[in-house]
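In what follows, residues are counted from 1 in the order of the sequence shown. Both backbone and side-chain heavy atoms feed into the values below; hydrogens, waters and symmetry mates do not. Order of listing sets the numbers, starting from 1, for every ligand and every atom in it.
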Amino acid sequence: MTAQRKPRIALMGEFSAGKSTLSNLLLGARPLPEKVTATRLSPVWMSHGTDAPYRVDVDGSTEPVSIDQLINVPVHETRVIRLFLESDILDVCDLIDFPGISDPNMSSTVWERVLTEVDAVIWCTHATQAWRQSESAVWDTIPQLVRDNSILLITRFDKLTTENDRRRVLKRVMRETKGQFAGTFPISLIQALQAGDDPDKWDASGAGPFVNHLIDMIQRLSELAARTPEGLYNYANVTQLPAPVMAPVTPRRVMRPTESDQTAKPRLPANTAAFTDPIIRSS
Ligand SMILES: Nc1nc2c(ncn2[C@@H]2O[C@H](COP(=O)(O)OP(=O)(O)O)[C@@H](O)[C@H]2O)c(=O)[nH]1
Ligand SMILES: [Mg+2]
């Protein structure tokens, strides 16, 4: 029988596209200081819990690390940094914050060796230079099963100042990535972070539809991830996966029965009412 595990969602994109900002938004917390996320880090794999952080060496050995000293972790000798947090979203999935894909100072092997372990990707593309050739080239290598469960976020949408620009960028990106993502959402991560309890600001940031889609995606991924200890990256399509052995375990604290039936949806959790309210009403 395969071990039960949570879906692993990678946050990918170019340097400065908003990956770490997105992880702060989803976690409802800022686990790493700005000076740490601004530097070039190995992939940071976040799971639920209270364990102390550690690094996994490329040879498989592990070593404790302190948050303040992550800057000094040797990037090329480190497979992954493991971080444990009690954020609600980590009840239902693991998040892996990847380094920028085309960083001239970092070999792509630094993140490629972790890529095989992922189930899905949230790809952040910078609105003012969205979906560059370098991004498209990496995405071309991603198996269809992962693509079918992945989201494209057009970040920094607030930087596009005219309605015409916004429409043009969205249209072009949608055309160039047709059939390659399960969903595409324009978003201002900064505005979403600043929305606080204000549902209008939350919706205006573009976060609403993205988060609703993400919840459905995590639900679907939980079922697929329960069928294999390996990342979905290792399978070309769903028919290659081992058959389901048992119903996937969804942690009880995120179960919420609906009125019409007894099925439950994961509730994407955050510290603001704006984050959860629209979701609760729609379920
Ligand atoms: N205006 C604006 N700034 C953003 C947005 N998303 C991220 N940023 C800023 O862009 C910078 C790089 O973001 P970061 O999350 O560190 O990018 P990463 O390299 O992909 O992890 C930070 O200063 C963020 O505050 C956005 O949607 N709008
Ligand atoms: Mg980052």
Side-chain angles (χ1 to χ4, degrees), residues 9-46 53 55 65 67-68 70-73 75 78 80-83 85 87 89 94-108 110-112 114-115 118 121-132 134-135 138-139 150-162 165-166 169-170 173 184-196 198 201-211 214 270 274-275:
I9 303 176
L11 312 179
M12 295 184 71
E14 298 279 11
F15 182 74
S16 206
K19 302 176 292 295
S20 299
T21 308
L22 173 63
S23 100
N24 294 344
L25 180 72
L26 295 175
L27 295 166
R30 173 183 266 287
L32 301 177
E34 174 90 55
K35 74 168 175 21
V36 173
T37 54
T39 54
R40 291 168 168 78
L41 290 181
S42 308
V44 180
W45 183 322
M46 293 168 276
R55 65 176 275 265
V65 288
I67 299 287
D68 296 337
L70 289 182
I71 291 171
N72 301 323
V73 166
V75 171
T78 304
V80 72
I81 295 166
R82 297 288 275 116
L83 213 60
L85 301 155
S87 290
I89 189 171
D94 285 6
L95 294 176
I96 312 175
D97 188 352
F98 271 53
I101 52 150
S102 46
D103 190 327
N105 299 309
M106 188 189 273
S107 157
S108 59
V110 165
W111 50 267
E112 280 165 355
V114 182
L115 198 52
V118 315
V121 176
I122 303 176
W123 190 283
C124 297
T125 191
H126 197 312
T128 56
Q129 45 184 38
W131 206 244
R132 296 166 54 170
S134 50
E135 301 177 82
V138 170
W139 199 244
S150 293
I151 292 174
L152 178 59
L153 276 190
I154 310 178
T155 61
R156 296 175 172 235
F157 220 64
D158 52 293
K159 295 288 186 191
L160 301 179
T161 47
T162 69
D165 276 356
R166 290 190 283 268
V169 169
L170 182 59
V173 172
T184 300
F185 303 92
I187 192 169
S188 169
L189 294 169
I190 293 292
Q191 287 173 2
L193 276 174
Q194 290 168 349
D198 188 331
K201 284 187 180 161
W202 177 253
D203 282 343
S205 76
F210 158 59
V211 168
L214 180 61
F275 208 88

S23 OG to I9 CD1 distance, which is reported to the nearest 0.5 Å = 12.5 Å
ask   = Rounded to the nearest 0.5 Å, what separation is found between the CG atom of L83 and the CG atom of D97?
value = 10.0 Å
query = Do the side chain of K19 and the main chain of I96 share a donor and acceptor less than 3.5 angstrom apart?
reply = no
request  = Have a look around the Mg ion (ligand 2) and list protein N/O/S atoms under 2.8 Å, or say none.
outcome  = S20 OG
ask   = In Å, rounded to the nearest 0.5 Å, how long is the span from OG1 of T21 to CG of L193?
value = 7.0 Å
Distance, nearest 0.5 Å, that separates NZ of K201 from CG of D203 = 13.0 Å
inquiry  = Taking T125's backbone N and O only, do any of them form a donor-acceptor pair with T155's side chain (distance below 3.5 Å, no angle check)?
reply    = yes
request  = Would you mind reporting whether I187 and F157 have side-chain heavy atoms less than 4.5 Å apart?
outcome  = no
query = Which value, rounded to the nearest 0.5 Å, describes the distance between F210 atom CZ and L26 atom CG?
reply = 5.0 Å
Amino acids contacting ligand 1, non-hydrogen cut-off under 4.0 Å = E14, F15, S16, A17, G18, K19, S20, T21, R156, D158, K159, S188, L189, I190
query = With distance as the sole test, does R55 use its side chain to make a donor-acceptor pair with the main-chain N or O of I81 at under 3.5 Å?
reply = no
